[in-house]
> 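Take a look at this one; I'll ask things after.
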Amino acid sequence: MADSVEPFPWRARLLLLLGRGFLRILGRTWRFKVVNGGFIRELRANKQGFIFSLWHGQLLPLLWFHRHEGALVLISEHRDGELVARAAESLGYGLIRGSTTRGADRALISIGRELQAGREVAITPDGPRGPAHKFAPGALIAAQRADSFIVPTAAVADRAWSLRSWDRFMIPKPFARVTVAYGTPTKVLGATPRAAAEEGERFENLMADTVRTAGG
């Protein structure tokens, strides 16, 4: 179980806002443990496109862990997304702009195209504005249209700062031990986008199981 989080110091927040160098320095101190990594290796060996599903508050350590692997990230067009977009690009991610709400139609088309081409797409289904840990339908619809797997993904740090934000955005402290866990790759059951959109609670439960597997 992770230690209780502390308010993120304003000086550290300023450093994060000032540039990508802070993340690179901080990220290199983190020590990672992986649980169920075989799920990802098997999907990649079969050249199957899939969706990494992760909660918005755990985004930062997962961006760092999967850097320069060629994945795409769905980033909100809201101004709050610009910081994440800059960080993601600097770590070798491609960007899909939009969200499951704002810019949703264009984003869903782009996600479906990339999944069918065998790409990996990371989506925060509770982003960009919450509510936290609620699975918005966009990822479900994209997965249904492309007949692709969703991989529940979680990161838990033994020592972390937490922003006073809707998602309790987590920033592992220097030299934190971070456990990254993957749930069983899962397809939506619905035969139509409308039916797929109704499976949010099922995938929220899968995400909760994966967070527990990571020690959260």
Side-chain angles (χ1 to χ4, degrees), residues 1-3 5-9 11-41 43-44 50-76 80-97 99 114 119-128 132-133 139 150-163 165 167-183 207 210-211 213-216:
M1 181 71 68
D3 293 346
V5 293
E6 303 171 8
F8 190 53
R11 291 181 181 86
R13 185 187 299 208
L14 179 60
L15 285 172
L16 184 60
L17 291 170
L18 284 176
R20 299 171 284 237
F22 174 70
L23 175 58
R24 292 182 180 278
I25 293 170
L26 181 62
R28 288 190 179 105
T29 73
W30 297 335
R31 293 160 291 173
F32 287 92
K33 173 186 176 182
V34 179
V35 181
N36 295 332
F39 292 145
I40 304 301
R41 291 191 294 272
L43 288 169
R44 288 174 172 170
F50 63 91
I51 292 173
F52 285 106
S53 168
L54 52 139
W55 295 136
H56 197 274
Q58 300 173 3
L59 178 62
L60 190 67
L62 290 168
L63 278 178
W64 178 258
F65 183 72
H66 284 287
R67 66 195 185 279
H68 302 301
E69 294 182 359
L72 297 159
V73 184
L74 178 64
I75 301 291
S76 168
D80 291 348
E82 290 305 318
L83 177 62
V84 177
R86 289 196 297 271
E89 284 187 307
S90 75
L91 296 174
Y93 290 91
L95 301 183
I96 297 174
R97 299 311 299 261
S99 71
E114 299 295 349
R119 303 291 301 277
E120 301 166 17
V121 181
I123 298 178
T124 55
D126 60 345
H133 299 177
I150 295 175
V151 180
T153 306
V156 173
D158 66 339
R159 298 182 301 120
W161 293 295
S162 179
L163 299 183
S165 56
D167 59 350
R168 300 289 291 164
F169 194 81
M170 176 183 70
I171 301 178
K173 292 181 178 181
F175 303 101
R177 291 188 295 272
V178 182
T179 300
V180 175
Y182 305 102
M207 290 291 292
T210 306
V211 171
T213 298

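Predicted model, so just to flag it, every value in this text is computed and none were measured.
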> Checking R119 side chain against G70 main chain: does a donor-acceptor pair fall under 3.5 Å?
yes

> Using modelled atom types and a 3.5 Å cut-off, is there a donor and acceptor pairing between side-chain atoms of Q58 and backbone atoms of A154?
no

> Please identify which of these residues, V178, V34, L60, L91, meets the side chain to side chain contact (heavy atoms under 4.5 Å, CB included) condition with F65.
V34

> Do the side chain of D126 and the main chain of H56 share a donor and acceptor less than 3.5 angstrom apart?
yes

> Closest heavy-atom contact between W161 and P174?
CH2-CD, 3.7 Å

> Can you check whether V151's main-chain N or O pairs, donor with acceptor, with T153's side chain at less than 3.5 Å?
yes

> Given F52 and L62, is the side chain to side chain contact (heavy atoms under 4.5 Å, CB included) satisfied, shown in steps?
CA-CA 10 Å; F52 285 106; L62 290 168; over 6 Å; no

> Measure across S162 and R168 and return the closest heavy-atom pair with its distance rounded to 0.1 Å.
OG-O, 3.2 Å

> Starting at CH2 of W55, measure out to OG1 of T124 and round the result to the nearest 0.5 Å.
9.5 Å

> Distance from L54 atom CG to L63 atom CG, nearest 0.5 Å?
7.5 Å

> Can a donor-acceptor pair be found, under 3.5 Å and without considering hydrogens, that links the side chain of W30 to the backbone of K173?
yes

> For the residue pair V211 and V156, what are the closest heavy atoms and their distance?
O-CG2, 4.1 Å

> Closest heavy-atom contact between G27 and W64?
O-NE1, 3.0 Å

> Ring centroids only, cut at 6.0 angstrom: are F39 and Y182 within range, meaning strictly under it?
no

> So which heavy atom on A181 is nearest to which on T213, and how close?
CB-CG2, 4.0 Å

> Can you check side chain to side chain contact (heavy atoms under 4.5 Å, CB included) on L26 and T29, steps first, answer last?
CA-CA 6 Å; L26 181 62; T29 73; 4.2 Å; yes

> Just by distance, do the side chain of R44 and the backbone of R41 share a donor-acceptor pair under 3.5 Å?
no

> Would you say S53's side chain and P152's backbone share a donor-acceptor pair under 3.5 angstrom?
no

> So do E69 and Y93 actually touch side chain to side chain, heavy atoms under 4.5 Å?
no

> Give a yes or no on whether R177 atom CZ has more than 12 heavy-atom contacts from other residues, nucleotides or ligands under 6.0 Å away.
no

> Could you go through I40 and E120, starting from their C-alpha distance and side-chain angles, then the distance that decides it, and tell me whether this counts as side chain to side chain contact (heavy atoms under 4.5 Å, CB included)?
CA-CA 10 Å; I40 304 301; E120 301 166 17; 5.5 Å; no

> Quick one: pull up CD1 in I123 and CG in L74 and give me the separation to the nearest 0.5 Å.
5.5 Å

> So which atom in V121 and which in E114 form the shortest heavy-atom distance, rounded to 0.1 Å?
CG2-CB, 4.2 Å

